[in-house]
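What follows is a short report on a single structure.
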Amino acid sequence: MAKIQNDTRARMNLVADPYIRERLQDLTNLAYQLIDFLSDDPTATSDGKEAPDKIVLIARNMGPAELLEYDRERLCGLVLEEGSETAHATIVARALNIPLVGQVEGILNRAEPGDIIAVDAENGEVFLRPDSSFQQSFRGSIALMESRRAAYADTRHLPAVTANGQRIHLNLNAGLLLDLAHLEESGADGVGLYRTELPFMMQPRYPNFETQFDLYTDILEQAAGRPVVFRTLDIGGDKLLSTMPAIIEEENPALGWRALRIGLDMPHMLHDQLRALISAAQGRPLSIMFPMVTEVCEFDAARTVLDDVVAEIRAGGGAVPESLRVGAMLEVPALLFQLKPLLERVDFLSVGSNDLAQFIFASDRGSPRMNGRYDVLAPYFLKILRDIVQQSAAADVPVHLCGEMAGNTLEAMALIGLGFRSLSMRPGSVGPVRTMIRSLDTAALQKALVPALERSDHSLRSVLTEFAESTGVEISLRSVSRQYA
Ligand code: PEP
Ligand code: MG
């Protein structure tokens with residue numbers, strides 16, 4: 001198979017017609033898929049040689065489920081021709097601590113199996129076949145980065161309190177058991193978003209009640225009393241379960257049969273998951289939230305399933321959580337116009353800014369072409385977020401934000417300026433965000449931010465950067481293009 005692929009590739013490379021040459025890419029992808037299928041080992045090499053201990057995977061694009069199939073011990077980098085900052089594969093790569101650089105055009109044609117490649121996800125750069133002196137200085141940069149990480153880890157006992165005394169709650173986004181280890185190491189307050197679908201995506205078949213019960217028990221035990229917010233299954237869109245092929249056929253999956261919509265159409269699935277969560281809590285406090293709520297009546301319907309589960313467990317003599325907090329994710333713009341009745345029903349609200357931005361901007365979060373086109377620091381988007389904070393405060397309902405923007409220091413600063421006091425982010429962001437918070441005066445920030453919200457700019461990124469630089473706020477700058485570190 002590998003030989004046929006190499007021969008065909010050599011012949012097609014000679015063709016001048018750009019259309020035919022482009023098909024070469026499709027052929028290469030297909031050949032690799034076939035080789036993977038035949039060898040049943042996704043890290044096998046196409047030339048039949050034994051794969052090295054450490055591998056960097058190069059692909060046109062990748063879904064989160066596919067990424068989870070690779071051996072995490074060996075996979076030390078991912079380079080995509082496409083990819084985008086808030087795609088779920090990027091989120092999974094971050095959770096696994098795998099450096100990922102996206103939008104590297106033409107890399108599939110240029111790289112050969114066995115090539116040495118250096119992946120710098122912090123700066124969004126990839127170096128193919130670097131010479132030995134470059135490799136040496138790259139190792140030096142890695143060591144420097146590790147020492148920076150260690151310095152952040154040393155701050156884990158410092159309170160996340162701004163220079164003018166505002167306490168900010170910093171939580172982790174998690175989805176795999178290994179993420180829980182970061183609780184201790186980062187000094188986060190708890191888990192603000194546990195994506196329950198990630199472990200489902202790693203299972204060959206749909207996990208039954210017992211499997212889920214064991215998993216949730218493990219998570220709560222590892223969290224050792226720190227609060228964990230479990231989000232019910234958020235599948236569909238780009239998160240597919242191999243056991244649910246029907247979803248694949250949708251033409252517009254991000255707007256299709258997803259998340260709570262599936263849960264309400266298949267209530268036995270939602271019921272089983274809620275029963276496993278409540279049973280695993282064994283009377284301890286528990287927080288659950290529902291993703292992609294579009295209408296208040298969907299929240300009511302989900303709540304009814306939850307109430308039924310609680311009643312059944314109680315009737316059977318089982319323990320129910322001493323406090324059960326139930327929240328909704330705010331990701332669909334329609335919900336912005338139902339905030340009043342929603343806030344009367346929920347114990348907390350969690351803004352999923354990845355999806356909310358995708359729907360507000362009408363811009364596919366997984367599309368490499370759209371990546372970086374609109375900015376979550378656009379004044380009108382920030383005003384929407386401010387409105388959510390103000391309405392939640394008026395209703396006395398805690399509000400959190402758990403999208404990727406919470407983990408970027410400049411965006412996190414803006415969120416705090418808008419009034420957010422609880423953010424949930426990838427583990428590697430907790431240290432930098434805490435450092436930023438400790439150097440920030442929220443009163444000064446508000447003075448700069450509030451009038452700027454009325455501007456009609458594409459983005460307030462430069463206004464906020466200027467504020468940070470002139471007032472000594474420690475932000476780590478990053479562009480919004482292809483840095484997915
Ligand atoms: C979000 O949409 O912001 C979110 C946190 O959920 P996910 O990224 O898993 O869709
Ligand atoms: Mg979402």
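All ligand and atom numbering here is 1-based and tracks the order in the structure.
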Is there a donor in the side chain of [X] and an acceptor in the side chain of [Y], or the other way round, less than 3.5 Å apart?
X: Thr294; Y: Arg261; answer: yes
X: Ser84; Y: Asn371; answer: no
X: Gln358; Y: Asn354; answer: no

Original post:
What's the spacing between Leu286 CG and Ser323 OG if we round to 0.5 Å?
Top reply: 8.0 Å

Original post:
Counting heavy atoms only, which of Arg195, Arg365, Glu404, Arg258 is nearest atom 10 (O) of ligand 1?
Top reply: Arg365

**OP:** Using the six-membered ring wherever Trp is involved, compare the ring planes of Tyr380 and Phe361 and label them parallel, tilted or perpendicular (cut-offs 30° and 60°).
**Re:** perpendicular

Within a distance under 4.0 Å of any heavy atom of [X], pick out the atoms of ligand 1 and give their elements.
X: Gly403; answer: 3 (O)
X: Ile91; answer: 8 (O)
X: Asp355; answer: 1 (C), 2 (O), 3 (O), 10 (O)

Original post:
Heavy atom of Gln358 under 4.0 Å from ligand 1?
Top reply: no

For [atom], grab the closest protein heavy atom and report residue, atom and distance to one decimal in Å.
atom: atom 2 (O) of ligand 1; value: Glu331 OE2, 2.8 Å
atom: atom 7 (P) of ligand 1; value: His88 NE2, 3.3 Å
atom: atom 6 (O) of ligand 1; value: Arg231 NH1, 2.9 Å
atom: atom 5 (C) of ligand 1; value: Cys402 O, 3.5 Å

**OP:** Write the atom name of the N, O or S atom in Glu331 that is nearest the Mg ion (ligand 2).
**Re:** OE2

Original post:
How is the N/O/S atom of Asp355 that comes nearest to the Mg ion (ligand 2) named?
Top reply: OD2

Original post:
Between Glu197 and ligand 1, is there a nitrogen or oxygen pair with a distance under 3.5 Å?
Top reply: no

Original post:
Is Glu82 salt-bridged to Arg369, going by a charged N under 4.0 Å from an acidic O?
Top reply: no

Subject >> Given Leu343, Val229, Val399, Val326, the one that forms side-chain contact (heavy atoms from CB on, under 4.5 Å) with Phe348 >> reply: Val229

Original post:
Taking the side chain as C-beta and beyond, is there a heavy-atom pair between Pro321 and Ile278 under 4.5 Å?
Top reply: yes

Original post:
Side chain or backbone of Leu193 under 4.0 Å from ligand 1, or both, or neither, by non-hydrogen atoms?
Top reply: side chain

**OP:** Test Asp189 against every option in Arg167, Arg226, Arg156 by the salt bridge (charged side-chain N to carboxylate O under 4.0 Å, His left out) rule and name the one that passes.
**Re:** Arg167

